[in-house]
Student: 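Got a structure for you, written out below as structure tokens; questions coming shortly.
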Protein chains: 2
Amino acid sequence: MQMEGIVNNWHREPAPSSGQTSLADIAVEAGVSVSTVSRIANGDLGRASAATVAKVQRLIAERGYRPNPVGRSLRGGDSRLVAMLAPNLDNPAMAAIAASTEAALRAVGYVMILCDTHDRPDLQDEYLRAMRSRFAEGFIVVSAVASPELEASLDRREPIVFVNRRNPYGGGPFIGIDNRRAGADAADHLLACGVRAPAVIHPAELSSTIRERVEGFIDRLEERRPGLCVRRYDGPGGNHLDCGYAAAKRLTAEGGWPDGVLCPSDLMAYGLFRAAGEQGVRIPDECCPVGIDDNDLNDWIAPWLSSIKIPYRHFGDAIVTSLRDLRAGSSVGEVLLPHKLIRRRSGGETIEN
Amino acid sequence: MQMEGIVNNWHREPAPSSGQTSLADIAVEAGVSVSTVSRIANGDLGRASAATVAKVQRLIAERGYRPNPVGRSLRGGDSRLVAMLAPNLDNPAMAAIAASTEAALRAVGYVMILCDTHDRPDLQDEYLRAMRSRFAEGFIVVSAVASPELEASLDRREPIVFVNRRNPYGGGPFIGIDNRRAGADAADHLLACGVRAPAVIHPAELSSTIRERVEGFIDRLEERRPGLCVRRYDGPGGNHLDCGYAAAKRLTAEGGWPDGVLCPSDLMAYGLFRAAGEQGVRIPDECCPVGIDDNDLNDWIAPWLSSIKIPYRHFGDAIVTSLRDLRAGSSVGEVLLPHKLIRRRSGGETIEN
DNA sequence: ACAGTTTAGGCAAACGTTTGCCATGTTCAA
DNA sequence: TTGAACATGGCAAACGTTTGCCTAAACTGT
């Protein structure tokens with residue numbers, strides 16, 4: 001036995017492929033066919049004698065056999081692979097979603113491939129194709145954009161879960177929060193702080209997510225303070241940091257600083273904070289921003305930012321549940337996870353709602 | 001032909017696998033063998049007549065044929081897959097490394113699988129095995145920990161690039177910065193700021209990276225100010241935020257606040273900042289911290305933190321270069337990328353060195 | 001004793017590639 | 001005219017699985 005292995009390594013040119021023990025290795029050693037080993041390895045114990053089963057199981061354990069997922073994929077759709085498409089990994093919110101999803105998938109035996117689409121439709125398409133040809137069993141698309149291949153995937157009824165931003169073509173499982181209500185909660189918070197001249201900044205092109213947040217905010221303000229003027233400014237798309245900074249500068253150049261601002265993402269609030277710092281405006285005393293996301297770092301270095309916490313840490317579980325339901329054929333709808341306003345003052349102490 | 005296809009689809013149970021066009025589809029349609037199509041698709045144009053080549057190329061374009069990477073993997077080690085193993089994706093530094101590496105790999109036609117090892121040896125091992133059995137062509141291990149499977153992989157001479165933290169078993173390609181010099185630069189900065197009672201905080205278990213930074217810092221201080229006492233405190237491992245916070249509290253409880261502190265990672269500096277906020281100590285006026293990493297968010301929300309910028313955005317290119325060299329067989333050594341101190345004062349304006 | 005059933009397990013196809021080797025047919029030079 | 005060289009392209013194995021179907025032999029019941 002030992003000899004055989006050595007000799008094989010010696011006169012074969014390339015390394016024996018993966019170097020892992022395969023069904024064939026076990027089969028040879030046990031003196032049975034590959035089929036038998038495969039069946040036993042998959043728990044079909046009724047098809048072989050007790051003696052054979054014992055022998056094969058012993059060898060499987062001894063040699064540390066593990067079914068090769070590539071062979072399985074090729075055979076038929078059992079790749080145990082799920083692809084997550086996300087715009088920029090740099091965004092801490094994306095990282096949090098990715099981390100929790102990765103853990104949830106691993107817990108059910110799946111491996112996640114994380115693809116950075118840079119928010120570009122062409123890259124989103126490229127990755128959809130690439131992952132399909134790797135037999136990905138499902139797709140998780142965070143902040144999807146409309147793209148031909150996405151539409152094609154939907155037509156083919158491939159399992160796709162949308163996160164954060166709804167399916168641009170409508171329908172399909174969605175994991176997120178109630179964005180309108182989050183906006184409304186932000187409005188309530190600012191009113192409770194005594195704000196009299198509120199404003200909102202946002203990116204020029206509105207995704208469904210941002211639009212809902214902004215509308216929820218404005219509608220609630222109008223409902224509770226009819227006639228109140230809500231100033232609204234946008235900044236260039238792309239990076240939310242730059243966008244928040246630019247929008248804040250436009251906003252304040254044209255009418256001075258508001259005493260309260262909805263920033264529909266924490267990154268935009270950071271942008272506003274920088275603009276304030278440059279102009280010597282004290283945050284949150286002179287202008288009270290409220291963010292949405294509640295980046296984990298806020299507790300550490302942004303004690304001036306009240307923010308609506310989105311439970312990204314729990315997205316993973318919801319996502320894999322939806323994905324499994326979807327693959328099982330049951331119809332899956334929206335999952336709206338609870339959000340919560342986290343109040344902070346500059347002093348540093350956090351007051352949970 | 002048509003008939004056959006239909007009949008096949010009719011009495012076969014599962015959907016025809018991936019739904020993508022395969023070599024066989026093209027071959028049937030072109031009336032040639034699979035081998036011929038394969039060769040043409042791979043650019044071996046000398047093995048068929050000009051007419052055949054033209055016909056096949058046309059069909060390949062028309063049907064949008066793309067070689068299936070799973071078939072290729074199975075055939076022999078051409079998976080175009082690289083695995084990155086990283087501890088916690090939450091750390092913004094990891095996210096930056098992952099993002100740049102992903103882009104660099106994509107540019108050369110590779111796909112990256114990102115695995116979160118949570119800094120646990122058992123998960124690191126699990127992922128090494130899983131990725132090997134998916135025929136990953138290389139491994140990028142960020143902040144590696146010692147583990148049996150890693151040692152085994154090294155013995156098998158699998159292509160592994162170490163990032164940020166050196167190979168715990170010694171040797172091998174490494175991408176990072178000159179950590180001793182970074183520590184020394186931090187010392188120079190604090191001295192330039194007129195610091196007289198410096199300190200350093202760090203995690204209780206020292207990785208090679210952190211140890212080098214701390215040693216470089218202390219050695220430089222002793223060299224320039226012989227006899228100067230450098231207070232040194234550690235905090236519990238795990239999360240650098242908590243660690244920095246705990247270490248700062250221990251440090252200040254036992255001897256008051258120092259006027260300058262080396263925090264060997266930005267996250268530890270954030271921990272210290274929180275402790276300072278709770279105790280009403282003004283940063284950086286009363287205590288001047290210097291971090292290492294220079295998180296991108298510093299410019300936005302931590303204008304009080306001078307930090308040594310590590311060019312994570314450029315790690316990707318260096319990593320894939322090393323990986324390719326490694327696979328090509330050339331001996332690859334360490335790559336130390338240039339770092340740079342970024343000076344900041346609370347006011348917000350950044351002064352580049 | 002004989003048909004029928006169960007037990008134990010092997011065969012081979014299929015998934016999509018790649019590639020060494022073989023088989024024709026044509027062209028060319030001596 | 002007869003090899004040799006070249007052009008063109010197919011065959012089949014291999015990678016690692018899974019699974020429908022087949023084949024024996026060994027039982028079971030009457």
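Bear in mind the structure is a predicted one, so any value in this text is a computation, not a measurement. Letters A, B, ... are given to chains in the order of the sequence lines, protein chains preceding strands, and every chain is numbered from 1.
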Student: Starting at CZ of B:R134 and ending at P of D:dT17, how long is that distance when rounded to a whole Å?
Tutor: 13 Å
Student: For A:S147 and A:Q124, which I'm curious about, is there any donor-acceptor pair between the side chains at under 3.5 Å?
Tutor: yes
Student: Whole angstroms only, please: what is the CZ-P distance between A:F135 and D:dG16?
Tutor: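 Going from A:F135 (CZ) to D:dG16 (P), I get 17 Å.
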Student: Rounded to the nearest Å, what distance is computed from the CD1 atom of residue B:I40 to the P atom of nucleotide C:dT19?
Tutor: 15 Å
Student: In this structure, how many angstroms lie between the C1' atom of C:dG16 and the CG atom of B:N68, rounded?
Tutor: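 For the pair B:N68 CG and C:dG16 C1', the rounded distance is 6 Å.
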Student: Please find the pair of heavy atoms, one from A:L59 and one from A:A30, that lie closest to each other, and give the distance.
Tutor: CD1-CB, 3.6 Å
Student: Starting from C1' on D:dT17, measure out to CZ on A:R80 and report it in whole angstrom.
Tutor: 14 Å
Student: Once you round it to whole Å, what is the distance between P of C:dT19 and CG of B:L23?
Tutor: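 Whole-Å distance recorded here is 12 Å.
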Student: Starting at atom CD of A:Q20, determine the distance to atom C1' of D:dG16, rounded to an integer number of angstrom.
Tutor: 12 Å
Student: Between protein and nucleic acid, restricted to nucleotides 9-11 of chain D and to nitrogen or oxygen atoms under 3.5 Å apart, what atom pairs and distances do you find?
Tutor:
unit_1: D:dG9; atom_1: OP1; unit_2: B:T52; atom_2: OG1; d: 2.9
unit_1: D:dG9; atom_1: OP2; unit_2: B:S49; atom_2: N; d: 2.6
unit_1: D:dG9; atom_1: OP2; unit_2: B:T52; atom_2: OG1; d: 3.2
unit_1: D:dG9; atom_1: N7; unit_2: B:R47; atom_2: NH2; d: 3.1
unit_1: D:dG9; atom_1: O6; unit_2: B:R47; atom_2: NH2; d: 2.7
unit_1: D:dG10; atom_1: OP2; unit_2: B:S33; atom_2: N; d: 2.6
unit_1: D:dG10; atom_1: OP2; unit_2: B:S33; atom_2: OG; d: 2.7
unit_1: D:dG10; atom_1: OP2; unit_2: B:T36; atom_2: OG1; d: 2.8
unit_1: D:dG10; atom_1: N7; unit_2: B:R39; atom_2: NH2; d: 3.2
unit_1: D:dG10; atom_1: O6; unit_2: B:R39; atom_2: NH1; d: 3.4
unit_1: D:dG10; atom_1: O6; unit_2: B:R39; atom_2: NH2; d: 2.8
unit_1: D:dG10; atom_1: O6; unit_2: B:R47; atom_2: NH2; d: 3.4
unit_1: D:dC11; atom_1: N4; unit_2: B:S35; atom_2: OG; d: 2.8

Student: State whether A:E126 and B:R66 are salt-bridged, where the test is any N-O pair (Lys NZ or Arg NE/NH1/NH2 against Asp/Glu carboxylate O) under 4.0 Å.
Tutor: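 Judged by the 4.0 Å cut-off on N to carboxylate O distance, A:E126 and B:R66 do form a salt bridge.
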Student: May I ask you to check whether over 12 heavy atoms, not counting those of A:R80, lie within 6.0 Å of atom CZ?
Tutor: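 Yes, the 6.0 Å shell around CZ holds more than 12 heavy atoms from other groups.
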Student: For A:L326, run the side-chain contact (heavy atoms from CB on, under 4.5 Å) check against A:T321, A:I160, A:V332 and tell me which one passes.
Tutor: A:V332
Student: Between B:E334 and B:R166, is there a salt bridge with N-O shorter than 4.0 Å?
Tutor: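 Salt bridge between B:R166 and B:E334, a charged N being under 4.0 Å from a carboxylate O: yes.
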Student: Can you measure A:N42 atom CG to D:dG16 atom P for me and round it to whole angstrom units?
Tutor: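 Going from CG in A:N42 over to P in D:dG16 covers 16 Å.
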